[in-house]
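Let me begin by presenting the structure, written as structure tokens, before commenting on it.
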Amino acid sequence: MIVAKFGGSSLADAAQFQKVKDIVFADNRRMIIIPSAPGRRFDKDDKVTDLLYLCHSQQKAGESFEKTFDEIQRRYLDIAKQLHLSLELKPYLQEIQQQMEEGASADYCASRGEFLNGLLLANYLEFAFIDAAEVIFFDEQGAFDAEKTNSVLKKRLETVETAVIPGFYGSNPDGSIRVFSRGGSDITGAIVARAAQAELYENWTDVSGFLMADPRIVTNPRPISHITYHEMHELCCAGATVLHEDCVYPVSSVGIPTNIRNTNLPQHPGTMITCNALQREDFAIFAGVSGKKGFSLLVIEKEEPDHTWSFVQEVLSAVQKNGIKFQYLPSGTHCVCLLVETKQFLEKKDSFQDEINKINIPFSISIQPETAGIVLVGYGIIHNRLAVNRIYTALQRQNIDVVMINQGSGELSTWVGVAETEMEGAIRAIYEEFL
Ligand code: ASP
């Protein structure tokens, strides 16, 4: 069976609901559906979640939230009317308004967007409605409680054949509502896919999957047809906006693939994210390229080389003691290079310097700021011995100096460091070279 999550723009109005129904009924394996709250219908439109947060802040400031709430009500009532739904929404809306008047929490207010959309969609599809507050749990510290959720949710899913479970929220141990971070319906979808032991988690949105490069840098980049979770994570480290780690772990850890699809172009296969590269039919040299500015390259070099690892260990221990997060570590026994985020490093620089000065081995340290990290990702890279050569040549042709390059210690990526001002040109040159 398939768990399918539909984002806000996929459920923004009655016409979008119809598309969703067609998609759901086009494959009878789509048995559990996770809706977001209604998103934007056009460019300057409001997202219902934003309006709900606005109601909360207006109420808190002692202002009237009636106008804002009316707008929200209208969105849902219009959908229900246009789809001729049998559901009586008014009592739910009245209850929510009353809770708001009595000072309901921001989380409660925000969660009602998904709650109401879930009620509408369940009625429209004639699927059971399962309130997320009864099956998604947070612990005393406010962290997601995976164990409790998984066992309760699993049992609950056994009692239904088809169901709609609203995304984005769950409940605290005292029963009050808590929401995930913004965009959190993606997380709910992954959690439910895991509990349902789904064969596939579909994430329906308004784009046909991920692109091989940032379209603001490369004109018309190709879509990614297949990518592994690891490759996606690597692209994400260098700035690509793909799925958040929290939406990936519940499914990737149990081997469930994710398929990013477009509600407005359902015939497009979108991007398939799998655990294993062997599932990839088109074994392209690379899956994608991304780049991020704001790095510094730290080079810490022992003055007299020897073949022991103690220098590296001491440097890394100073790094760890100061909580410095590094993005990449191309190193040998006598030299440690660290690609670090400049902003975070500068906050810790003095204490790091104090710590590293305690090392009893003579060394030098240099810092190259304003470095961009570019990552070329794809398991195909290791099968292509000329890849690094091609990167060099492509960059050289554009007169771009390479500050650092490291091929695939993890066998799936090659990192290239260039000056920040050269990043866009370098990404274009690499993309063009390989495609
Ligand atoms: N409706 C929530 C938001 O706008 C959650 C979601 O759409 O995933 O952030």
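Ligands are counted one by one from 1 in listed order, and the atoms in each one are counted from 1 as well.
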Inset, instruction - Decide salt bridge (charged side-chain N to carboxylate O under 4.0 Å, His left out) for K21 and E126; before the verdict, give the C-alpha distance in whole Å, the side-chain angles of both, and the deciding distance to 0.1 Å. - result: CA-CA 10 Å; K21 187 176 193 172; E126 295 180 37; 5.9 Å; no

Legend entry - F138/Y169 aromatic ring centres below 6.0 Å: no

Legend entry - G183 near ligand 1 by a heavy-atom separation under 4.0 Å: yes

Inset, instruction - Give the atoms of ligand 1, by number and element, whose distance to some non-hydrogen atom of R182 is under 4.0 Å. - result: 3 (C), 4 (O), 9 (O)

Inset, instruction - Answer yes or no for R112 and F115: cation-pi contact, defined as NZ/CZ to six-membered ring centre under 6.0 Å and angle to ring axis within 45°. - result: yes

Inset, instruction - For the pair S36 and N117, evaluate side chain to side chain donor-acceptor pair (under 3.5 Å) and give the outcome as yes or no after the intermediate values. - result: CA-CA 7 Å; S36 281; N117 232 19; over 6 Å; no

Inset, instruction - Determine whether any heavy atom of G113 lies closer than 4.0 Å to an atom of ligand 1. - result: no

Legend entry - Per-atom contacts, ligand 1 versus E114 - under 4.0 Å to a heavy atom: 1 (N), 2 (C), 5 (C), 6 (C), 7 (O)

Legend entry - Polar atom proximity, S185 to ligand 1 (N or O, under 3.5 Å): yes

Inset, instruction - Would you check whether T49 has a nitrogen or oxygen atom less than 3.5 angstrom from a nitrogen or oxygen atom of ligand 1? - result: yes

Legend entry - Which segment of S36 sits under 4.0 Å of ligand 1 when only heavy atoms are counted: side chain

Inset, instruction - Please test S176 against D174 for side chain to side chain donor-acceptor pair (under 3.5 Å), starting from the C-alpha separation and ending with a verdict. - result: CA-CA 6 Å; S176 60; D174 66 2; 2.6 Å; yes

Inset, instruction - Give the C-alpha distance, both sets of side-chain angles, the deciding distance and a yes or no for salt bridge (charged side-chain N to carboxylate O under 4.0 Å, His left out) between R75 and D45. - result: CA-CA 11 Å; R75 296 279 304 257; D45 196 17; 3.5 Å; yes

